[in-house]
Structure formats: C-alpha cells, structure tokens
Amino acid sequence: MHTIEVKELHVQIEEKEILKGINLIIKSGEIHALMGPNGNGKSTLLMAIMGHPKYEITKGDILFNNKSILDLSVDERSKLGLFLAMQNPQTIPGVSNLEYLKYVVNAHSEEKQKLKDIMSDIRTKAKDLDFDLNMLKRFVNDGFSGGEKKKNEILQMKMLNPLFSLIDEIDSGLDVDALEVVSKNLNALDFSKMGMVIVSHYDRFFKKVIPTHAHVIIDGKIITSGGKEIVDKINSEGYNWVKELI
Ligand SMILES: Nc1ncnc2c1ncn2[C@@H]1O[C@H](COP(=O)(O)OP(=O)(O)OP(=O)(O)O)[C@@H](O)[C@H]1O
Ligand SMILES: [Mg+2]
C-alpha cells in the first residue's frame, strides 16, 4: 500500500497565494473526488503535487510513502509513480504520439524497448479507449479535438500504470459515448495498486467512477470532506451550503 500525504500545504503563483493550508491523505485503493467552484485551487493542488516549478510551495509538505518529495523534479516524481492527466494537455509539435509514448515508457523502465516491442500494447490500449490508431502517428495533441486530447492523457496513464493518478477534468470535452469509454477504462484499473484523485464539476462522471472520498476546495482550503454524498449534495444544491461552513 502506498500513500501521498499533503500537509498544511501553502502554494503561491507569481507572489499570489492560491493554496492556504491543504491537508489530504490519499492511499492505494482510494478514489478522491475533488470539487469546488472555478478558480479556487483544484488544478493548483494537482500541479503542486506533481511538482510544476511555477507553483511555489511556501509552507507545508508533500510526502510519498512518508518521505518528502518537495526536492524532487517532475520527472523524478513521475518515476516514483505519480501521474497527472492535465486539464489542458500540452501540444508537442514535431514529436509523434507513438515516439512520445516510447520515450515515456522507456524513461520509466530499466530495459530500453523499441517501438515495435510496445506497439501491440499501445494498439490494445488505444483500441480499448476507442482511440483512432491514425491519431497515434500524428504529433502529440497537435490539432486534436478536446475529447481526443483527454483520451490521449488516459492512454499515457495506461501505458505508465502509475501508483497515483491525478486526473484533472478529464470529462470536460468528452461526448457521452467517450465519457462512457473513459470511465470504463478507469474502472478496469487495478485499484489494489493505485490511488486516484479526480477533479470534476459534475456528478454524472462520479456516477460512473464512484469516489470513496470527496472534498470541496474553496479559496485554497478544503472546507468539507466526506464520501460520495457530498457530490450528490453539490449536484442538487450547488456550493452555497459549503460557503456557509467557512
Ligand atoms: N500564472 C498565474 N498567475 C496568477 N494567477 C494564477 C496563475 N495561474 C493560476 N492562477 C490563479 O490561481 C487560481 C486557482 O487556479 P486553479 O487553476 O487552481 O483553479 P481551479 O480550481 O482548477 O479552477 P477550474 O475549475 O476553473 O479549473 C485562479 O484564480 C487562477 O487565476
Ligand atoms: Mg482546474
């Protein structure tokens, strides 16, 4: 069993404090729903856990299996088993999706593999995602539709098989069929070895991938935590009841 522990985390971006003391423990086997109104720090928390250099940690700590990872770079955290599916995936013109997947897989294993060695694995995983194989030959996310970019994030996740997946608004931009396919892929993961944080604004996604825990972030703090009943309450009542708890 593995753990990520976020302790009293304060994060600022360009001198502006965004996270103001976040405490959160995520263990293998758990799916944490992270909700909250726009611009209140959800993506910032995931970026800070992953180690994006723009997000400056001014106080607090992030522990992976009881050891601080604050000194580790993004690639070192990735090698430990952390993965972030970004809200706005980056485009990498000039690098084909297939080559990119090969680099990513090789960066995470001792044994260096050629593309032909991992091709059938890529093909199976892409097919499970209903992901057009021709997309794999194109540059990473270049000209991809919103939904295609989101599926591409999940394809990378499945190739890496991380210990912790941080998934930021994967459902935004997915059509109803794609939403079904992506949730099916997430539910098929081996959760005995993986912990997950899912940011989403909508209960329809959490009806498909059912969280074990739920938290609401407002103004850089977790205001309330509980189980999936929190998601239901936000769906029917909005955020006013959470704001009254502040
Ligand atoms: N480079 C930056 N400079 C200044 N402020 C920033 C910068 N990047 C992010 N912010 C601010 O940080 C705050 C938190 O942003 P964050 O992306 O974490 O919100 P969020 O909760 O993920 O929102 P959403 O639901 O819209 O995705 C926002 O007010 C945002 O404008
Ligand atoms: Mg966000």
Side-chain angles (χ1 to χ4, degrees), residues 4 6-24 26 31-62 70 74 77 82-91 141 144-147 149-154 156-157 164-174 179 182-183 186 196-209 211 213-226 228 230-243 245-246:
I4 290 179
V6 177
K7 285 170 89 168
E8 205 45 42
L9 193 71
H10 290 245
V11 173
Q12 66 178 38
I13 312 171
E14 291 163 14
E15 313 283 298
K16 184 181 169 207
E17 186 168 61
I18 309 289
L19 299 185
K20 302 171 180 174
I22 297 273
N23 291 291
L24 182 65
I26 313 145
I31 301 177
H32 290 248
L34 195 56
M35 301 186 82
N38 295 132
N40 278 261
K42 303 179 299 296
S43 297
T44 302
L45 175 58
L46 301 195
M47 291 286 207
I49 295 174
M50 199 65 223
H52 192 302
K54 199 175 79 182
Y55 296 75
E56 190 195 341
I57 290 161
T58 50
K59 209 177 138 200
D61 208 347
I62 304 169
L70 289 191
V74 175
R77 294 184 201 198
L82 271 56
F83 178 86
L84 172 63
M86 296 171 101
Q87 183 171 2
N88 301 305
Q90 299 293 303
T91 301
N141 292 328
F144 284 25
S145 74
K149 285 183 187 171
K150 297 292 168 134
K151 280 191 178 177
N152 207 19
E153 294 291 281
I154 299 300
Q156 288 165 27
M157 186 198 80
F164 287 99
S165 290
L166 314 171
I167 296 184
D168 200 351
E169 291 199 30
I170 202 73
D171 53 333
S172 75
L174 291 181
L179 189 70
V182 165
S183 23
L186 293 183
M196 196 175 271
V197 181
I198 300 177
V199 173
S200 174
H201 288 291
Y202 303 107
D203 78 320
R204 58 169 193 193
F205 189 49
F206 292 127
K207 285 224 157 63
K208 294 180 190 297
V209 183
H213 301 67
H215 316 273
V216 185
I217 292 194
I218 296 183
D219 193 20
K221 288 194 205 107
I222 292 180
I223 304 302
T224 187
S225 294
K228 68 177 169 40
I230 287 187
V231 179
D232 299 335
K233 197 163 176 191
I234 288 166
N235 184 49
S236 55
E237 297 176 32
Y239 286 112
N240 278 343
W241 66 276
V242 189
K243 288 176 185 159
L245 301 173
I246 297 173

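Both ligands and their constituent atoms are indexed starting at 1 by order of listing. Atom set for the values below is all heavy atoms of this structure, side chains included, hydrogens, waters and symmetry mates excluded. Note that this is a predicted model, so its numbers are computed, not measured.
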Spacing of [X] atom [atom1] and [Y] atom [atom2] [to the nearest 0.5 Å]:
{"X": "Lys233", "Y": "Met35", "atom1": "NZ", "atom2": "CE", "answer": "13.5 Å"}
{"X": "Ile49", "Y": "Ile26", "atom1": "CD1", "atom2": "CD1", "answer": "5.0 Å"}
{"X": "Glu8", "Y": "Asn23", "atom1": "CD", "atom2": "CG", "answer": "5.0 Å"}
{"X": "Lys221", "Y": "Leu245", "atom1": "NZ", "atom2": "CG", "answer": "13.0 Å"}

What protein heavy atom sits nearest atom 8 (N) of ligand 1, and how far away is it? Ile13 CD1, 3.5 Å
With a cutoff of 4.0 Å, is His201 in contact with ligand 1, counting heavy atoms of the residue only? yes
Quick check on Gly41 - does any of its heavy atoms sit under 4.0 Å from an atom of ligand 1? yes
Within the distance-only criterion (no hydrogens, no angle test), does the side chain of Lys42 pair as donor or acceptor with the backbone N or O of Gly36 below 3.5 angstrom? yes
Counting only N and O atoms by type, is there a donor-acceptor contact under 3.5 Å from the side chain of Asn152 to the main-chain atoms of Lys150? no
At under 4.0 Å between heavy atoms, is it the side chain or the backbone of [X] that contacts ligand 1, or both, or neither?
{"X": "Gln87", "answer": "side chain"}
{"X": "Lys42", "answer": "both"}
{"X": "Ile18", "answer": "side chain"}

Can you give the donor-acceptor pairs under 3.5 Å from side chains of residues 83-91 to other protein atoms, not counting sequence neighbours?
residue	atom	partner	partner atom	Å
Gln87	OE1	Ser43	OG	2.7
Gln87	NE2	Glu169	OE2	3.3

Which protein N, O or S atoms does the Mg ion (ligand 2) have within a distance shorter than 2.8 Å? Ser43 OG, Gln87 OE1
Under 4.0 Å to a heavy atom of [X] - the qualifying atoms of ligand 1, by number:
{"X": "Asn40", "result": "19 (O), 20 (P), 21 (O)"}
{"X": "Lys16", "result": "29 (O)"}
{"X": "Thr44", "result": "14 (C), 15 (O), 16 (P), 18 (O)"}
{"X": "Glu169", "result": "24 (P), 25 (O), 27 (O)"}
{"X": "Asn38", "result": "23 (O), 24 (P), 25 (O), 26 (O)"}

Here the pair of heavy atoms bringing Phe205 nearest to Ser200 is CB-OG, 4.1 Å
Which heavy atom in Pro211 sits nearest to a heavy atom in Val231, and how many Å separate them? CG-CG2, 4.3 Å
Tell me, please, which residues at least two apart from Ser183 pass side chain to side chain donor-acceptor pair (under 3.5 Å). none
What residues, two or more places apart in sequence or in another chain, satisfy side chain to side chain donor-acceptor pair (under 3.5 Å) together with Gln156? none
So between Glu14, Glu15, Glu17, Lys54, whose heavy atom ends up nearest atom 4 (C) of ligand 1? Glu14
Option whose closest heavy atom lies nearest to atom 23 (O) of ligand 1, chosen from Pro37, Gly39, Gly220: Gly39
Is there a side-chain contact between Met50 and Tyr55, using heavy atoms and a 4.5 Å cut-off? no
Could you tell me whether atom 30 (C) of ligand 1 has at least one protein heavy atom nearer than 4.0 Å? no
Heavy atom of protein inside 4.0 Å of atom 17 (O) of ligand 1, strictly below: yes
Tell me whether the rings of His213 and His215 are parallel (<30°), tilted (30 to 60°) or perpendicular (>60°). parallel
Side chain to side chain contact (heavy atoms under 4.5 Å, CB included) between Leu24 and Leu45, intermediate numbers included: CA-CA 10 Å; Leu24 182 65; Leu45 175 58; 4.1 Å; yes
If you measure every N or O of Tyr55 against every N or O of ligand 1, does any of those distances drop under 3.5 Å? no
